[in-house]
2 protein chains.
Amino acid sequence: MEGNGKTRYMQIGEVAQRTGLTQRTIRYYEERGLLRPPTRMEGGFRLYSEEDVQRLEQIKQLTQLLGFSLNEIRQILDAAEVKSQLRADWDKIDPSERRKRLLHAIEASESQIRLIDHKIEQLGQLRARWAERLERYRALLLELDQVESAAT
Amino acid sequence: MEGNGKTRYMQIGEVAQRTGLTQRTIRYYEERGLLRPPTRMEGGFRLYSEEDVQRLEQIKQLTQLLGFSLNEIRQILDAAEVKSQLRADWDKIDPSERRKRLLHAIEASESQIRLIDHKIEQLGQLRARWAERLERYRALLLELDQVESAAT
DNA sequence: TCAAACTTTGACGTTAACGGTAAATTCGGT
DNA sequence: ACCGAATTTACCGTTAACGTCAAAGTTTGA
């Protein structure tokens, strides 16, 4: 499984291109143990395999799933305050202005919901992958138990 | 709505107690614009309202939703590699060891899935709150339009 | 064999999100 | 008026997750 003649090796530049990560980030991931230290050329240049690229793409997905910095949270909550903005001088403004504010509030809410849905979807995909794995393990376990019980 | 006689004011210490955040963190959130600068006593002590506490709890929820540091991602991926670990010397080990490894892999997968489910649930709650808001706005808009069309 | 392009390590810089501490005020009770 | 507890601002420290830059070494193609 390791000595596959078909394996193409890439240098860090190409990997960076393909993954959209910087070379620094790739090395950093290796440093932090997220990526297994790749093989090297004689002179020390790193050589990455397709597997490595896939792994990097997984890492990327997961970091994006991270989301929500304090800044983003502020934006979310600020959008929530469109509510009080709406209510503010509600009685003192004319209907067309009211309409405008309402539309704005609706826009903001919809945008937030879309953002949340996106994150939920990503998490759902992640969950599906794990569930699939889990099923495979369970099947294996069953198989094992059957063999054993048949032997006794 | 502002000059409510019933409003109880708390100092930062009590708020910290109630929210489980540190005073430092609370001030930091104010500094970063996440929390509106509270009213002050004559001498400058901050006075918080119930609303402020609620807001802080929202912020807390959202920051927890953040999850996934690189360390956690590594754990996730490492758990994923239980897969290759499993496969490693599969043929050279005896059935009881196989069973043990399988059980371990299953445990790990289940744990990951629970974690993901928890995050999904939190996001779901957040989504529900936004959806509710959105509905209210839409209802208001309808109301507004009806009034207007009746007037013309 | 030589230059241009690429890569390596190392070191320092930066931003976010706080933690901790100190020195000075302020508050609440007596 | 006074004391102890709580709070204020200010500033320095820290960790994570990279960015940036420099000096030196490596590859490759002509």
Side-chain angles (χ1 to χ4, degrees), chain A residues 7-49 52-53 55-78 119, chain B residues 7-49 52-53 55-78 119:
Chain A
T7 320
R8 247 202 76 226
Y9 284 103
M10 300 168 271
Q11 293 183 205
I12 199 168
E14 191 178 346
V15 175
Q17 283 279 345
R18 287 189 47 187
T19 59
L21 301 168
T22 68
Q23 303 189 6
R24 179 66 175 88
T25 299
I26 295 173
R27 293 195 199 99
Y28 178 67
Y29 287 165
E30 177 186 342
E31 200 181 312
R32 297 300 311 273
L34 287 155
L35 192 65
R36 151 220 111 181
T39 54
R40 306 273 190 141
M41 298 169 82
E42 293 203 354
F45 283 27
R46 271 165 258 247
L47 287 179
Y48 295 96
S49 67
D52 292 327
V53 174
R55 172 112 179 170
L56 281 170
E57 258 146 18
Q58 286 182 51
I59 298 175
K60 203 182 162 192
Q61 248 216 1
L62 287 170
T63 58
Q64 284 168 350
L65 240 159
L66 193 153
F68 298 160
S69 66
L70 279 194
N71 269 326
E72 292 177 285
I73 291 179
R74 183 161 59 101
Q75 284 173 28
I76 292 178
L77 293 176
D78 285 356
K119 281 188 190 293
Chain B
T7 320
R8 250 203 74 223
Y9 285 103
M10 300 167 273
Q11 293 182 206
I12 199 169
E14 192 179 344
V15 175
Q17 282 279 346
R18 287 188 47 186
T19 58
L21 300 169
T22 69
Q23 303 189 7
R24 179 68 178 86
T25 300
I26 295 172
R27 294 196 198 95
Y28 178 67
Y29 287 165
E30 177 186 343
E31 201 182 310
R32 297 302 309 272
L34 286 154
L35 193 64
R36 148 221 114 183
T39 55
R40 306 274 190 140
M41 300 170 80
E42 294 203 352
F45 282 25
R46 270 165 258 248
L47 287 177
Y48 295 97
S49 68
D52 292 326
V53 174
R55 172 112 177 168
L56 281 170
E57 257 147 17
Q58 286 180 53
I59 298 175
K60 203 182 161 192
Q61 250 215 2
L62 287 170
T63 57
Q64 284 169 348
L65 239 157
L66 193 153
F68 298 158
S69 66
L70 279 195
N71 269 326
E72 293 177 284
I73 291 179
R74 184 162 58 101
Q75 284 173 29
I76 292 177
L77 293 177
D78 285 356
K119 282 188 189 292

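Keep in mind it's a predicted model, so treat the numbers as computed, not measured. To find a chain, count down the sequence lines: A is the first, B the second, and so on, and within it residues start at 1. Only heavy atoms go into these numbers, but all of them, side chains included; no hydrogens, no water, no symmetry mates.
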Tell me the interatomic distance from [X], atom [atom1], to [N], atom [atom2], rounded to whole angstroms.
X        : N       : atom1 : atom2 : answer
Leu21(A) : dC18(D) : CG    : P     : 8 Å
Ile26(B) : dA6(D)  : CD1   : P     : 15 Å
Leu47(A) : dT8(C)  : CG    : C1'   : 13 Å
Arg40(B) : dT7(D)  : CZ    : C1'   : 10 Å
Met10(A) : dT7(C)  : CE    : C1'   : 16 Å
Gln23(A) : dC18(D) : CD    : P     : 15 Å
Glu31(B) : dT8(D)  : CD    : P     : 13 Å
Ile12(B) : dT9(D)  : CD1   : C1'   : 12 Å

Verify the contact: side-chain N or O of [X] to OP1 or OP2 of [N], cut-off strictly under 4.0 Å; return yes or no.
X        : N       : value
Tyr29(B) : dA17(C) : no
Thr22(A) : dC18(D) : no
Thr25(B) : dG19(C) : yes
Arg46(B) : dT7(D)  : no

request  = Return the set of residues passing side chain to side chain donor-acceptor pair (under 3.5 Å) with Gln17(A) (not counting sequence neighbours), or none when no residue passes.
outcome  =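 Partners of Gln17(A) by the side chain to side chain donor-acceptor pair (under 3.5 Å) criterion come out as none, since no residue qualifies.
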task = State which residues pass side chain to side chain donor-acceptor pair (under 3.5 Å) with Thr19(B); sequence neighbours excluded, sorted by chain then number.
result =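 Scan of Thr19(B) (side chain to side chain donor-acceptor pair (under 3.5 Å), adjacent residues dropped) gives none.
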Of all heavy-atom pairs between [X] and [Y], which one has the smallest distance, and what is that distance?
X        : Y        : value
Asp52(B) : Leu35(B) : O-CD1, 4.1 Å
Gly20(A) : Lys60(A) : CA-NZ, 4.4 Å
Arg46(B) : Pro38(B) : CG-CG, 3.4 Å

message = Going by the rule salt bridge (charged side-chain N to carboxylate O under 4.0 Å, His left out), which residues pair with Arg18(B) if we only count those two or more places apart in sequence or in a different chain?
response =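 Checked Arg18(B) against salt bridge (charged side-chain N to carboxylate O under 4.0 Å, His left out); matches are Glu50(B).
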message = My understanding is that only residues two or more places apart in sequence, or in another chain, count here; which of them pass salt bridge (charged side-chain N to carboxylate O under 4.0 Å, His left out) with Glu57(A)?
response =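 In terms of salt bridge (charged side-chain N to carboxylate O under 4.0 Å, His left out), with neighbours along the sequence ignored, Glu57(A) is linked to no residue.
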Candidate nucleotides dT9(C), dC18(C), dA16(D), ranked by approach to the side chain of Tyr28(A) - the nearest =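 Closest nucleotide to the Tyr28(A) side chain: dA16(D).
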message = Quick check for you: among dG19(C), dA17(C), dT7(D), whose closest atom lies nearest to any side-chain atom of Arg32(B)?
response =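 Selected nucleotide: dA17(C).
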query = Looking only at side chains, do Arg24(B) and Tyr28(B) share a donor and an acceptor under 3.5 Å apart?
reply =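 Not at all, the side chains of Arg24(B) and Tyr28(B) share no donor-acceptor pair under 3.5 Å.
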query = If only atom types and distance count, is the side chain of Arg55(A) paired as donor or acceptor with the main-chain N or O of Arg36(A) below 3.5 Å?
reply =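 Such a contact is absent between Arg55(A) side chain and Arg36(A) backbone.
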task = Using five pairs at either end of the helix from dT1(C)-dA30(D) to dT30(C)-dA1(D), determine the angle between the two local helix axes and round it to 10 degrees.
result =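 End-to-end axis angle: 10°.
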Where do N or O atoms of nucleotides 21-28 of chain C meet protein N or O atoms at under 3.5 Å, pair by pair?
| unit_1 | atom_1 | unit_2 | atom_2 | d |
| --- | --- | --- | --- | --- |
| dC27(C) | OP1 | Gly43(B) | N | 2.6 |

